[in-house]
Amino acid sequence: MSPVKAPVDSTPMDRTGIHQALPRIGVVLGGGALKGMAHIGALRAIREAGITPHLFAGTSIGAMIAAAAASGVTPDVLRERALAFKRKDLFRINHVGMIMDRMLSRSIYLEGPLRALCDELVAEGTFDDLKTKLLVAAVDLERGTPVVFGRPGFRQVKVRDAVYASCALPGFFPPGVVGDRVCIDGGTMDNLPVEVAGLDVDALIAVDVGIANVPLAAGVAEQGFATIFMRAATMMMHEMQQATLETWKGPPMLLVRPPVSHIGWFSFRHIEKLLELGYTATREALGHLLNALSAPGGIYPRRLMRIEVDRPACTGCGLCAAHAPNLMALDEEQKAYPMLPVHEFSPADGGFAGCCPVSAISVAPIETWDEAGARLAQSA
């Protein structure tokens with residue numbers, strides 16, 4: 001793959017689709033607890049492609065890894081630290097608080113280990129002290145509003161404080177104080193902060209870990225309140241994020257979704273696998289980067305997908321048609337059908353299929369004419 005450099009002083013993209021100079025590329029890393037280890041693999045692939053990001057942005061663990069990258073920590077160093085990561089490095093039960101304060105305890109786990117990890121990976125100082133632009137998404141708990149540290153008016157705060165707050169999952173870790181604000185995990189409102197990151201760049205590479213879909217989780221109701229809470233949080237974050245992506249009007253975006261939904265939020269047994277999944281998915285997606293850069297907008301990669309409905313299974317509830325009225329409808333027998341069976345979809349499309357409560361809708365890739373011709377020629 002040819003290197004695609006993105007210096008800070010490059011000229012913005014001509015919206016006709018022609019680049020007058022090398023583009024400013026922003027890298028956005030989403031939240032996902034330990035699934036976020038896939039971000040390290042993604043950064044490795046981006047570095048190998050010769051891409052120098054104009055800015056980094058992130059939420060929760062994505063904010064921590066984005067901040068480490070903006071601080072100059074290389075993917076190789078992050079990988080080494082990830083492989084040595086242990087449960088005690090992050091999770092230590094807040095025994096005293098839970099015994100003494102009971103229902104008034106601020107969190108299940110102690111603040112110290114997460115703070116120490118932020119101090120280890122993130123440079124000291126404020127956002128103005130960083131050489132590379134950084135945006136960290138959090139939520140102001142008292143005001144009930146999102147806040148993006150690193151934007152104008154929110155730069156004169158300690159980067160480490162902002163990163164801790166963005167990682168402070170409610171109930172799991174105590175809220176963080178950033179300047180004069182009490183803040184919690186940015187995923188509460190914006191798990192993939194592409195909208196604000198898109199303000200200052202010509203294109204985005206966004207890496208979504210964990211909530212591209214919500215897979216079946218049989219027996220989750222018997223696995224304790226923490227698991228139930230995370231399941232509910234996953235569903236809420238998925239819906240909010242999909243709403244942003246399905247109405248995307250910003251610069252062209254390369255959306256990378258490593259296949260990590262089956263891995264637990266707090267699984268330490270799959271770190272090496274997560275690193276590899278993030279690297280492989282990003283490396284593959286980067287093959288479509290030039291297509292994205294030549295476009296005035298939209299989400300990439302794009303490919304032809306076929307929509308099919310299992311008519312006997314369809315109950316006619318109409319959720320698919322309500323969710324995607326431009327794609328799905330109900331026939332005279334109140335059965336769902338695709339208005340056009342083949343569409344060109346990005347990774348952000350096709351979410352309506354997951355709304356079906358009986359899983360009667362499938363969306364699967366099909367070959368393009370070029371791919372089919374190449375396959376036939378090869379087999380001849």
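Note that the coordinates shown come from a computational prediction; the quantities given were computed from them, not determined experimentally. Computed from heavy atoms alone, side chains included, the values below leave out hydrogens, waters and symmetry copies.
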### Message
Set out, in order, the CA-CA distance, both residues' side-chain angles and the distance that settles salt bridge (charged side-chain N to carboxylate O under 4.0 Å, His left out) for R81 and D76, then state yes or no.
### Response
CA-CA 9 Å; R81 181 63 181 92; D76 288 342; over 6 Å; no
Heavy-atom count around [X] [atom1] within 6.0 Å, excluding the residue itself: above 12?
X    : atom1 : result
E272 : CD    : no
K158 : NZ    : no
E124 : CD    : no
Q334 : CD    : yes

[X] [atom1] to [Y] [atom2] distance, which is reported to the nearest 0.5 Å:
X    : Y    : atom1 : atom2 : result
M64  : H39  : CE    : NE2   : 11.5 Å
L289 : T282 : CG    : OG1   : 11.5 Å
L275 : M37  : CG    : CE    : 7.5 Å
L29  : F56  : CG    : CZ    : 7.5 Å
R44  : R283 : CZ    : CZ    : 9.0 Å
I46  : I25  : CD1   : CD1   : 9.0 Å

According to a 4.5 Å side-chain heavy-atom criterion applied to Ile, Leu, Val, Met, Phe, Trp and Tyr, with indirect links allowed, do [X] and [Y] form part of one hydrophobic cluster?
X    : Y    : answer
V157 : I184 : no
I61  : F85  : yes
F173 : M189 : no
I263 : Y279 : no
V139 : V159 : no

Between [X] and [Y], is there a donor-acceptor pair closer than 3.5 Å when you use the side chain of the first and the backbone of the second?
X    : Y    : value
S166 : A138 : no
K35  : V209 : no
D140 : T145 : no
R160 : D119 : yes

#### Entry: Under 4.5 Å side-chain linkage, directly or through intermediates, the cluster mates of V363
M305, I307, V309, L327, M328, F345, F352, I361
Do the side chains of [Y] and [X] get nearer than 4.5 Å, heavy atoms only?
X    : Y    : result
C356 : L319 : no
P175 : L141 : yes
L255 : S346 : no
E142 : R181 : no
L254 : P301 : yes
T132 : T52  : no
F172 : L114 : no
L245 : M253 : yes

So which heavy atom on [X] is nearest to which on [Y], and how close?
X    : Y    : answer
T59  : L192 : OG1-N, 4.3 Å
P75  : I40  : O-CG2, 3.7 Å
P258 : G278 : CG-CA, 4.0 Å
A63  : V136 : CB-CG1, 3.9 Å
P252 : A292 : CB-O, 3.1 Å
R303 : I366 : NH2-O, 3.7 Å

### Query
Is it true that R115 and D161 have a side-chain N and a carboxylate O under 4.0 angstrom from each other?
yes
### Task
Go through the steps for L83 and R79 under the test side-chain contact (heavy atoms from CB on, under 4.5 Å), then give the verdict.
CA-CA 6 Å; L83 292 174; R79 174 183 173 83; 4.1 Å; yes
Residues which pass side-chain contact (heavy atoms from CB on, under 4.5 Å) with [X], listed by chain and number, not counting sequence neighbours:
X    : result
S60  : D185
A329 : Y337, M339
R151 : L135, V148, V196, L199, D200
E308 : R306, S362

### Task
Mind running side-chain contact (heavy atoms from CB on, under 4.5 Å) on R302 and N291 for me, showing each step along the way?
CA-CA 9 Å; R302 306 185 70 84; N291 289 335; over 6 Å; no
#### Entry: Qualifying ring pair (Phe, Tyr, Trp, His ring centres under 6.0 Å) pairs with a residue from residues 113-166, counting only residues at least two apart or across chains
none
